[in-house]
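To keep things clear, I will list the structure first and then write my remarks on it.
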Protein chains: 2
Amino acid sequence: MKTHVDRRSAAVPPVTKADVRDAALTLFAQRGYHGTSLKEIAEKLGIRTPSLYNHIDSKGALLSQIVLDTLDQVVLDFDQVMAENDEPIERLRAATTVYALRHATHRREALVVNQDTVHLDEPDRSVAQRIRRQHEHGFRQLIVDGLDEGVFSVESAKVASFAIREMCVSVARWFREDGPLTAEDVARQYSDYALQIVGAATSGRGRPN
Amino acid sequence: MKTHVDRRSAAVPPVTKADVRDAALTLFAQRGYHGTSLKEIAEKLGIRTPSLYNHIDSKGALLSQIVLDTLDQVVLDFDQVMAENDEPIERLRAATTVYALRHATHRREALVVNQDTVHLDEPDRSVAQRIRRQHEHGFRQLIVDGLDEGVFSVESAKVASFAIREMCVSVARWFREDGPLTAEDVARQYSDYALQIVGAATSGRGRPN
DNA sequence: CCTACCGATCGGTAGG
DNA sequence: CCTACCGATCGGTAGG
């Protein structure tokens with residue numbers, strides 16, 4: 001990783017668009033969009049602020065790219081899960097697994113989406129909300145299907161859907177890549193929690209009796 | 001509620017410290033600390049920016065007050081629950097109920113704590129982290145106790161504790177006071193979810209067999 | 001990739 | 001509570 005390199009005293013490879021995006025991702029995730037200046041992003045890359053404009057159109061466009069790309073990936077993940085699974089139980093298990101996994105392996109992107117989507121200029125803000133709602137409705141419908149088929153048992157599909165999705169989202173808040181748990185382990189445990197919440201637990205750990 | 005009042009053309013009561021705090025709370029929650037200017041807070045109150053300094057020491061002190069007061073309340077709630085309940089199941093039910101309820105009834109405070117604690121100056125940032133950790137450890141110990149007594153069944157107290165707490169926190173992200181659900185209803189459902197997650201469900205809805 | 005520079009806005013102060 | 005004002009920093013442009 002390149003950090004605070006003095007670009008004038010050595011044969012240092014030029015900064016790329018991907019480098020700028022990565023530096024912005026780290027800083028936006030840590031301090032928020034409005035808490036990060038272009039000067040800080042430039043310093044992290046070892047260049048001057050105006051040089052950033054060789055790679056970006058504006059600070060806002062940098063945020064748009066991060067948020068919209070991430071939301072697109074979330075929906076792609078979800079659509080793939082729905083295509084590969086038929087029954088509500090397997091669908092919920094797979095959907096929560098990939099969703100939690102993504103929030104463990106792409107923590108920065110998740111934090112930026114959740115903190116800073118509100119700071120997007122129009123029309124990107126509306127586009128982002130629409131994509132998010134798409135995932136939201138797909139997820140809720142999955143739970144409604146499980147209730148209709150009698151394999152889920154929960155008072156409100158709406159409340160359960162929010163609880164499960166936001167539980168997965170929050171993995172980005174506490175998970176550490178260098179910690180004792182693997183992302184896969186956490187994702188598996190979270191998918192178990194989701195099934196418990198909708199009353200579809202199939203593991204052998206039921207209450208003792 | 002006073003909003004955009006022209007304070008020079010009528011006998012309007014003077015702005016109070018509580019008014020400033022309330023306006024800041026709303027704007028910080030909506031746009032974040034760095035996304036909110038003192039000018040916007042002043043405009044919301046119908047006064048000029050410098051007049052705010054009759055009520056606050058600085059923008060940062062305004063944030064400190066909001067964050068530290070809120071975190072203190074969370075710990076007070078938790079300590080009261082622990083004093084009033086003895087068994088892990090009742091403790092977890094009560095702790096998640098009050099925690100989810102607080103996030104439904106104090107949405108703005110919760111959003112600010114979660115988004116902007118990182119922007120506190122020292123030493124307040126460390127103080128906030130210490131209070132938060134206090135709640136975190138108390139909550140986790142509650143789950144460890146339930147495992148030790150054999151009334152909970154979950155793979156990792158740490159993962160379950162994060163999942164349950166963050167699930168409650170996220171109520172602030174979607175709950176609407178003017179929506180169809182009451183805060184009490186949501187809190188009750190979330191406490192059921194928590195008991196399901198730790199494998200301590202006592203409701204009558206167990207899996208059909 | 002750089003230096004030089006811009007207008008706008010920021011949090012905050014002086015003084016009444 | 002106000003007007004007048006401050007230095008610092010912001011995102012961004014000109015020009016090379």
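Letters go in sequence order (proteins before strands), and every chain restarts at 1. What you see below is based on every heavy atom in this structure, not just the backbone, and it leaves out hydrogens, waters and symmetry mates. Bear in mind the structure is a predicted one, so any value in this text is a computation, not a measurement.
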- Looking at residues at least two apart in the chain, or sitting in another chain, which of them share a salt bridge (Lys or Arg N to Asp or Glu O under 4.0 Å) with A:Glu40? A:Arg31

- Residue list, salt bridge (Lys or Arg N to Asp or Glu O under 4.0 Å) with A:Arg21, at least two apart or on another chain: A:Asp69

- For residues 56-68 of chain B, pull every pair meeting salt bridge (charged side-chain N to carboxylate O under 4.0 Å, His left out), keeping only residues two or more places apart or in separate chains.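 Of all non-adjacent pairs touching residues 56-68 of chain B, none passes salt bridge (charged side-chain N to carboxylate O under 4.0 Å, His left out).
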
- Give every residue pair that meets the salt bridge (charged side-chain N to carboxylate O under 4.0 Å, His left out) criterion with at least one member in residues 165-179 of chain B, sequence neighbours excluded.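 Matches after skipping sequence neighbours: A:Glu166-B:Arg173, A:Arg173-B:Glu166.
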
- Note on the structure: Residue set satisfying ring pair (Phe, Tyr, Trp, His ring centres under 6.0 Å) with B:Phe175, at least two apart, ordered chain then number -> none

- Item | Partners meeting ring pair (Phe, Tyr, Trp, His ring centres under 6.0 Å) with A:His55 (sequence neighbours left out) |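 Ring pair (Phe, Tyr, Trp, His ring centres under 6.0 Å) list for A:His55, sorted by chain: empty.
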
- Query: What are the residues of residues 50-66 of chain B, sorted by number, that bring a heavy atom to within less than 4.0 Å of DNA chain D?
  - Reply: B:Pro50, B:Ser51, B:Asn54, B:His55

- Message: What residues from residues 28-38 of chain A pass a heavy-atom cutoff of under 4.0 Å to DNA chain D?
- Response: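 Under 4.0 Å from DNA chain D: A:Thr36, A:Ser37, A:Leu38.
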
- Contacts of type side-chain hydrogen bond (donor to acceptor under 3.5 Å, both in side chains), residue B:Tyr33, not counting sequence neighbours: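 Partners of B:Tyr33 by the side-chain hydrogen bond (donor to acceptor under 3.5 Å, both in side chains) criterion come out as none, since no residue qualifies.
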
- Item | Residue list, side-chain hydrogen bond (donor to acceptor under 3.5 Å, both in side chains) with A:Asp77, at least two apart or on another chain |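 A:Asp77 satisfies side-chain hydrogen bond (donor to acceptor under 3.5 Å, both in side chains) with A:Arg102 only.
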
- Writing each nucleotide of DNA chain C 5' to 3' as (, ), [, ], | or . by Watson-Crick or G-U pairing under 3.5 Å yields ||||||||||||||||

Sequence neighbours excluded and cut-off under 3.5 Å, please list the side-chain donor-acceptor pairs for residues 131-141 of chain A, or say none.
{"unit_1": "A:Gln141", "atom_1": "NE2", "unit_2": "A:Asp145", "atom_2": "OD1", "d": "3.0"}

